[in-house]
J.: 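Dropping the structure in here first, questions after.
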Amino acid sequence: MLLSPPHIGNLELEFIKTAFNNNWIAPAGPQIKLFEQEFCKAVGASHGVALGSGTASLHLALILAGVQAGDEVFCSTLTFVATANPILYVGAKPVFIDSDYISWNMDPNLLAEALKQRARIGKLPKAVILVHLYGQSADIDPILATCNYYGIPLIEDAAESLGATYKGRSTGTFGHIGIYSFNGNKIITTSGGGMLISEDASLVARASFLATQARDPAPHYQHSNLGYNYRLSNVLAGIGRGQLRVLDQRVAARRFNYDRYQQSLGHLSGINFMPALRCSQGTRWLTSLTINADEFGVTRNEVRERLLAHQIESRPVWKPLHLQPLFSGCECIGGAVAEKLFQEGLCLPSGSNMTETDINRVISVVSPPVLRPISMATL
Ligand SMILES: *Cc1c(COP(=O)(O)O)cnc(C)c1O
């Protein structure tokens, strides 16, 4: 049983056939525009450009925000490495910000304090990247207010939170730029892909230009800027159009998984499920919980190994980026909360195609009576 496998609906193949029938097997074609329009409608964004990956979208977002070599970018520390890799692509320096226990996401107070100090010494970052971890929204309002106060662009990494809302509005649409991912393990997939959105049409047009090798308008091939090959294929945009039709069902299924896990395991001493802000509705992309070994009697690692022995994939919560060898020497503001969540946190299988039997099997393996020492016979 996998953590988060792809889950294809009924229309994807039809849209792929359309692409084949009119020979748009290219990183251009009619389905791309339609996918962008339908996606923007789904999240309530004004402009969007479909790209090759969420990572590529973040890379272009940083370029659009004017981040250059030597600049600093503030970034959530508790996240997947793809959130921060693009900071290194542009030669900038990440400064990581710790989470709080209320949201597991960037602590708004820590950010406000850090920016206040930086303003005092005249060394503000060029951008802030905010992650909505595992599909649950960060506390966006105070974070956006702080960024606006100092005139710093906020980039929302909503790769895991497509379908989530904060105060009734889609995550990813609050910041100056938002990005999403359609990787195979995300809420919906195009096998690989991403989207960059903004209210500013000129930013999105610029992203599209940079993603198409920055070709100047001329009959010959003329280039004045450094460009990239970051556009999404028209075939994959077709998959995305089909996936968008079932987005609400996919989110509902993942939220259902979380509820079932919570009902069966939430009362156990030492187990705490990832919270969600009351003003938000998360996607529960991955059901995540912490295991306090003293109270539960078994460590997080033992639970993970026991699941593995039953061919069930589970994963520790993301290792904070300030602990990653790749980012050694980078500054981190706070860090203890993310470290604790990494030590105790576990993500359970959460695919939208899980059956009731699958969920019950995970629950029975995690539940204490089954967690007696593994006898060789059961392996
Ligand atoms: C998956 C993911 C990304 C990267 O998206 P890709 O489409 O795989 O490049 C970025 N940030 C977070 C938080 C992710 O989970």
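Keep in mind the model is a prediction, meaning the values are calculated, not measured. Counting starts at 1 for both ligands and their atoms, in listed order.
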J.: Answer yes or no: is there an ion pair linking E14 with R245, defined by an N-O contact shorter than 4.0 Å?
T.: no
J.: Would you say the side-chain atoms of R254 pair up with the backbone N or O of W285, donor to acceptor, closer than 3.5 Å?
T.: yes
J.: Using side-chain hydrogen bond (donor to acceptor under 3.5 Å, both in side chains) as the criterion, list what pairs up with E356, not counting sequence neighbours.
T.: R260
J.: I'd like the residue list for ligand 1, meaning every protein residue with a non-hydrogen atom under 4.0 Å from the ligand.
T.: S53, G54, T55, T79, F80, A82, T83, D157, A159, E160, S181, N183, K186, G193
J.: With a 4.0 Å cut-off on N to O distance, would you call K116 and E113 a salt bridge?
T.: no
J.: Given the rule in the side-chain contact (heavy atoms from CB on, under 4.5 Å) test, do I152 and F74 qualify, once you have shown the distances and angles that lead to the verdict?
T.: CA-CA 10 Å; I152 302 167; F74 281 17; over 6 Å; no
J.: Return yes if some donor-acceptor pair links the side-chain N/O of R300 with the main-chain N/O of F342 below 3.5 Å, else return no.
T.: yes
